[in-house]
Trainee: 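Shown below is the structure under consideration.
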There are 2 protein chains.
Amino acid sequence: MLISTKGDYGVRALIDLAKHEGEGPVQRADIARRRQVPESYLDHLLAQLRRDGFIRSTRGPGGGHELARSPADVRLLDVLESLEGSLAPIGCVADVTDSGQESLCGQRWVWQGIYENMRERLSGVTLAELVEHERDHERDAAVNYSI
Amino acid sequence: MLISTKGDYGVRALIDLAKHEGEGPVQRADIARRRQVPESYLDHLLAQLRRDGFIRSTRGPGGGHELARSPADVRLLDVLESLEGSLAPIGCVADVTDSGQESLCGQRWVWQGIYENMRERLSGVTLAELVEHERDHERDAAVNYSI
DNA sequence: TGTATTCCCGACTAAATCACTCGACATTGT
DNA sequence: ACAATGTCGAGTGATTTAGTCGGGAATACA
Ligand code: FES
Ligand code: FES
């Protein structure tokens, strides 16, 4: 499994923040409830996202978390690499994007290609798009229900 | 990490068998030495590959392992799914390829796409191609060395 | 000043998975 | 018979996953 709950939950949290942008800080407890993430676990993920500059947090009553940048400027790739570390599908293609030594193992080129394609796709998706997608889906569900 | 040593070593072993096709059974010890895999570990991987019909094994002196099918008919995807189980990059897209319930999590569609692309690529690569690639690389190395 | 609210941080843990090893056993060629 | 080979399952130490817990720090407000 390339993506664990760290990455999944973390992205869920950012989607939640993006959805409530401009409404002031959003509290951990609200994110946890809406996105079905254990609150005390979410805590660690928010800490990581703060360390890497994705969110700003304020304490005290009325405090909470907000995006540090516009949702359109936050790439899914960067979020996931912050939370999960390298997204390499196999150890040997981790960082070394240079094709210096094809080396020993005859299947490495296949994974290089897959990795690059994956990173490209993840680069092309922003928080803004994820939120839009979600809204579209909600609207569809509402229509289906009303019928 | 999507692919562990199981998948990597297992494919290495099959590449070795493909390279020595038609020369009679290849022994575990030879594969292990040539491909840098612990012999007693390789044992388990060969067992799995046998269960799923990729290789045939014979005991006794002069025994060993051979491919059960032509290298051109063995897709990398099938080998890896035999050794690793599902190659889904995230749990929720494991088997359910049907897009029945987009459900809760707003990033699932991204991973669906990545998963499908990955499976397509892995479907398009056969053992025969891996061997050819390896031979090409060996030839290049020889040329470079001779200069 | 006191108190409630919220985030911050590190320690701890149970369960699962990984990457193997080891030993007993089965089969086969000479 | 015996040596060479594969077959099988149990066991193991290290690492990762998916959390929990508790104490502390900052802030708003009365
Ligand atoms: S060692 Fe990287 S693909 Fe085999
Ligand atoms: S639950 Fe599958 S992508 Fe979030």
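Note: hydrogens, waters and symmetry copies are ignored here, and every other heavy atom, side chains too, is used. Within every chain, numbering begins at 1; the chains are lettered A, B, ... in the order of the sequence lines, protein sequences first and strands thereafter.
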Trainee: Mind running side-chain contact (heavy atoms from CB on, under 4.5 Å) on B/Q27 and B/R33 for me, showing each step along the way?
Mentor: CA-CA 10 Å; B/Q27 278 114 35; B/R33 184 173 24 78; over 6 Å; no

Trainee: Between P on C/dC7 and CG on A/L49, what's the gap in Å once rounded to a whole number?
Mentor: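 Rounded to the whole Å, the gap is 14 Å.
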
Trainee: What is the distance from CZ of A/R51 to P of C/dC7, rounded to the nearest Å?
Mentor: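 Going from CZ in A/R51 over to P in C/dC7 covers 16 Å.
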
Trainee: Under a 4.0 Å N-O cut-off, is there an ion pair linking B/E129 with B/R121?
Mentor: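 Not counted as a salt bridge, because no side-chain N and carboxylate O are separated by less than 4.0 Å.
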
Trainee: Tell me whether the OP1 or OP2 atom of D/dA18 has a side-chain N or O from A/T5 closer than 4.0 Å.
Mentor: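 Indeed, a polar side-chain atom of A/T5 lies that close.
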
Trainee: Starting at atom CG of A/L83, determine the distance to atom C1' of D/dT17, rounded to an integer number of angstrom.
Mentor: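 Checked: the CG to C1' distance equals 14 Å.
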
Trainee: Starting from C1' on D/dT16, measure out to CE on B/M1 and report it in whole angstrom.
Mentor: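 The distance from CE of B/M1 to C1' of D/dT16 comes to 11 Å, rounded to the nearest Å.
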
Trainee: According to the interplanar angle, ranging from 0 to 90°, do the rings of A/H133 and B/W109 count as parallel (below 30°), tilted (30 to 60°) or perpendicular (above 60°)?
Mentor: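 Judged by the thresholds at 30° and 60°, the geometry between A/H133 and B/W109 is parallel.
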
Trainee: Could you give all pairs that pass the side-chain hydrogen bond (donor to acceptor under 3.5 Å, both in side chains) test and reach residues 64-74 of chain A, with sequence neighbours left out?
Mentor: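 Every side-chain hydrogen bond (donor to acceptor under 3.5 Å, both in side chains) pair that includes a residue of residues 64-74 of chain A, provided the two are not neighbours, is A/S57-A/H65.
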
Trainee: Can you check whether A/S57 has a side-chain N or O nearer than 4.0 Å to OP1 or OP2 of C/dC8?
Mentor: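 Yes.
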
Trainee: Determine, for A/D8 against A/R12, whether the closest basic-nitrogen to carboxylate-oxygen distance falls under 4.0 angstrom.
Mentor: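 A salt bridge is present here (some side-chain N lies under 4.0 Å from a carboxylate O).
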
Trainee: Indicate whether OP1 or OP2 belonging to D/dA18 is found under 4.0 Å from a side-chain N or O atom of A/K6.
Mentor: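 Answer is no, no contact under 4.0 Å.
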
Trainee: Residues of residues 23-48 of chain B with any non-hydrogen atom less than 4.0 angstrom from an atom of DNA chain C: list those, numerically ordered, please.
Mentor: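 Heavy-atom cutoff 4.0 Å gives B/P38, B/S40, B/Y41, B/H44.
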
Trainee: Determine, for A/Y115 and A/R119, whether the Lys NZ or Arg CZ falls below 6.0 Å from the six-membered ring centre while staying within 45 degrees of the axis.
Mentor: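 Output yes; distance and angle both within limits.
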
Trainee: What's the separation between atom CE in A/M1 and atom CD in A/E84, rounded to the nearest 0.5 Å?
Mentor: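 Between A/M1 CE and A/E84 CD, I get 11.5 Å after rounding to 0.5 Å.
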
Trainee: Is it true that a side-chain atom of A/R108 and a backbone atom of A/V93 form a donor plus acceptor pair closer than 3.5 Å?
Mentor: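 Absent.
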
Trainee: Distances for protein N/O vs nucleotides 24-30 of chain D N/O pairs under 3.5 angstrom?
Mentor:
residue : atom : partner : partner atom : Å
D/dA25  : N3   : A/R59   : NH1          : 3.2

Trainee: Using whole Å, what does the distance between atom C1' of nucleotide C/dT28 and atom CZ of B/R56 come to?
Mentor: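 Distance, rounded to whole Å: 17 Å.
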
Trainee: Find the distance A/L2:CG to D/dT16:P and express it as a whole number of Å.
Mentor: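 Computing the A/L2:CG to D/dT16:P distance gives 15 Å.
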
Trainee: Could you grab the distance from atom CG of B/L76 to atom CG of B/L80, nearest 0.5 Å is fine?
Mentor: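 Answer for the CG-CG pair, B/L76 versus B/L80, is 4.5 Å.
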
Trainee: I need the OH-P distance between A/Y9 and D/dT17, as an integer number of Å.
Mentor: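 So the OH-P distance, A/Y9 to D/dT17, works out to 14 Å.
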
